[in-house]
Amino acid sequence: MTARVILGVSGASGAILALECARMLARIGVEIDLTLSPMAERTLELEIGPGAQAELVALATRLHPIRELGATIASGSYPVAGMIVAPCSMRSLAAIAHGLDDNLLTRSASVQLKERRALILLAREAPLTLAHLRNMTAVTEMGGTVLPPVPAFYLRPQTALEIAQQIAARAVDMLRLAPPQAAAWGALIGD
């Protein structure tokens with residue numbers, strides 16, 4: 001059986017992270033259940049261009065409207081390996097941390113937590129308020145992983161795309177569905 005992963009895309013800046021996660025998941029042969037917030041659709045166009053959403057949707061196996069709380073991914077009986085939210089806005093983080101299952105993205109994330117599946121949140125904000133930090137702590141205590149999209153400067157990336165690719169690879173690697181995709185520490189120093 002082919003592995004399935006939910007990719008939730010919120011409206012935070014960093015839309016390239018969603019596209020790179022989808023590309024990476026597709027490359028390793030994973031089925032993608034995609035849900036996008038209305039602001040995510042807008043951010044994809046603003047940050048990447050008019051074809052970004054079409055490419056993202058084309059990489060997905062299934063597209064689920066954000067308001068469709070009856071979608072398969074809203075149920076724990078739907079077999080998935082986990083979920084990545086890329087990027088994850090502070091609004092989505094807060095909703096997940098407090099169990100506010102008010103749209104399909106936050107409901108699907110809650111399902112991953114209750115089913116003890118992998119939930120990786122590429123939380124995008126800086127600087128962080130105490131509320132942000134407390135919400136990150138709450139999600140972590142429930143079993144989720146907060147993976148801020150921090151560049152791996154030790155790899156000496158030359159472009160923003162290289163940075164996004166490494167971050168996406170780290171997120172996908174956390175699902176443990178394939179051999180590691182991210183470049184490892186030590187690659188430049190010969191370890």
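Every heavy atom of this structure was used, including side-chain atoms; hydrogens, water molecules and symmetry mates were not.
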I'd like to check the side-chain hydrogen bond (donor to acceptor under 3.5 Å, both in side chains) partners of [X]; sequence neighbours left out, ordered by chain and number.
X	answer
T145	none
T159	none
S13	E47
S89	S92

Qualifying residues under side-chain contact (heavy atoms from CB on, under 4.5 Å), relative to [X], sequence neighbours excluded:
X	value
A178	I28, Q181
A40	V9, L36, S37
A81	V5, L177
Q158	R156, E162

Legend entry - Sequence neighbours excluded, every pair satisfying salt bridge (charged side-chain N to carboxylate O under 4.0 Å, His left out) that has a member inside residues 58-78: E31-R62, D33-R62
Inset, instruction - Establish, from distance only, whether the side-chain atoms of D101 and S110 form a donor-acceptor pair under 3.5 Å. - result: yes
Legend entry - Residue pairs, two or more places apart or on separate chains, that pass side chain to side chain donor-acceptor pair (under 3.5 Å) and touch residues 19-30: E20-R23, R23-E55
Legend entry - Pairs satisfying side chain to side chain donor-acceptor pair (under 3.5 Å), at least one member in residues 164-174, at least two apart: none
Inset, instruction - Kindly say whether E41 contributes a backbone atom to a donor-acceptor pair with the side chain of E45 at under 3.5 angstrom? - result: no
Legend entry - Under 3.5 Å: donor-acceptor pair, side chain of T43, backbone of A15: no
Inset, instruction - Tell me who clusters with M90, hydrophobic residues only, linked when side chains sit under 4.5 Å apart either directly or through other members. - result: I6, I66, I73, Y78, V80, M83, V85, L93, I96, L104, L105, L113, L119, L121, L128, L133, M136, V139, M142, V146
Legend entry - Stepwise side-chain contact (heavy atoms from CB on, under 4.5 Å) test for I84 and V172: CA-CA 8 Å; I84 297 172; V172 170; 4.1 Å; yes
